[in-house]
Amino acid sequence: MILRETGVDLERLEEIGRRLAQVLRPGDVVLLFGPLGAGKTTLIRVVARALGVTDTVRSPSFTIANIYSGAVTVNHLDLYRLEGIEAEDALALEEYLTADAVVLIEWPEAGRDRLEEPTFEIHLEHESLQTRSVRVEAGSEAGAARWAAADPGEGGL
Ligand SMILES: Nc1ncnc2c1ncn2[C@@H]1O[C@H](COP(=O)(O)OP(=O)(O)O)[C@@H](O)[C@H]1O
Ligand SMILES: [Mg+2]
């Protein structure tokens with residue numbers, strides 16, 4: 001576990017997202033867990049903005065992914081509508097998991113057995129209308145080390 005925080009308001013979520021963006025590199029995969037309205041899309045928007053994306057960031061609705069171009073390419077996936085990953089979706093999924101993009105995946109449950117160990121996992125839970133609890137975990141020692149090595153910036157992150 002690299003971060004566990006309660007009482008996270010929007011402003012704090014933005015700090016966390018910007019910190020995450022500093023640490024991310026092409027080829028990284030971030031899984032975002034949490035119920036509807038927990039803030040998965042909101043956090044991805046912050047990360048994408050920090051990575052130089054100026055396109056509108058919203059969940060893909062007719063495909064499983066939106067691709068944004070910024071300082072790096074950002075692939076935004078949402079597997080909500082998938083029950084499980086069938087062959088066709090598996091192919092699509094693999095196309096988006098490329099080494100030249102930062103990949104952020106909402107509702108990753110359906111793809112769990114198709115996804116390798118992610119660089120980071122984010123778990124968001126509702127607390128109050130304006131606050132969330134946030135947990136960030138690294139999927140590997142390398143991810144944890146990268147997070148730890150980044151200069152502590154805003155709010156001691
Ligand atoms: N502390 C907070 N963190 C994240 N979202 C918040 C927070 N407080 C209020 N919100 C609002 O909750 C909603 C979260 O929606 P969204 O990011 O689409 O969730 P999800 O993608 O998890 O379904 C947004 O309207 C956002 O403005
Ligand atoms: Mg969403």
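Atoms within a ligand are numbered from 1 in the order they appear, just like the ligands themselves.
- Ion pairing of Glu5 with Arg12 is present here, as a side-chain N (NZ or NE/NH1/NH2) and a carboxylate O approach within less than 4.0 Å.
- Below the 2.8 Å limit, the Mg ion (ligand 2) has as protein N, O or S neighbours Thr41 OG1, Glu106 OE1.
- Judged by distance alone, the side chain of Thr119 and the main-chain N or O of Val29 form a donor-acceptor pair under 3.5 Å.
- Here Asp78 does not pair with Arg58 in a salt bridge; the nearest charged N to carboxylate O distance is not below 4.0 Å.
- Other residues, nucleotides and ligands place more than 12 heavy atoms under 6.0 Å from the CZ atom of Phe33.
- Looking only at distances, no side-chain donor or acceptor of Glu137 sits under 3.5 Å from a matching main-chain atom of Met1.
- To the nearest 0.5 Å, atoms CG (Leu13) and CZ (Arg132) are separated by 8.5 Å.
- Sorted by chain then number, the residues whose non-hydrogen atoms approach ligand 1 to under 4.0 Å are Val8, Asp9, Leu10, Leu13, Pro35, Leu36, Gly37, Ala38, Gly39, Lys40, Thr41, Thr42, Glu106, Leu129, Gln130, Thr131, Arg132.
- Tested against Asn75 for a side chain to side chain contact (heavy atoms under 4.5 Å, CB included), the candidates Thr98, Leu104, Asp100 yield a single pass: Thr98.
- The hydrophobic clustering, which links ILVMFWY residues whose side-chain heavy atoms are closer than 4.5 Å, places Val47 and Leu157 together.
- The existence of a salt bridge linking Glu121 and Lys40 is excluded, since no basic side-chain nitrogen approaches an acidic carboxylate oxygen closer than 4.0 Å.
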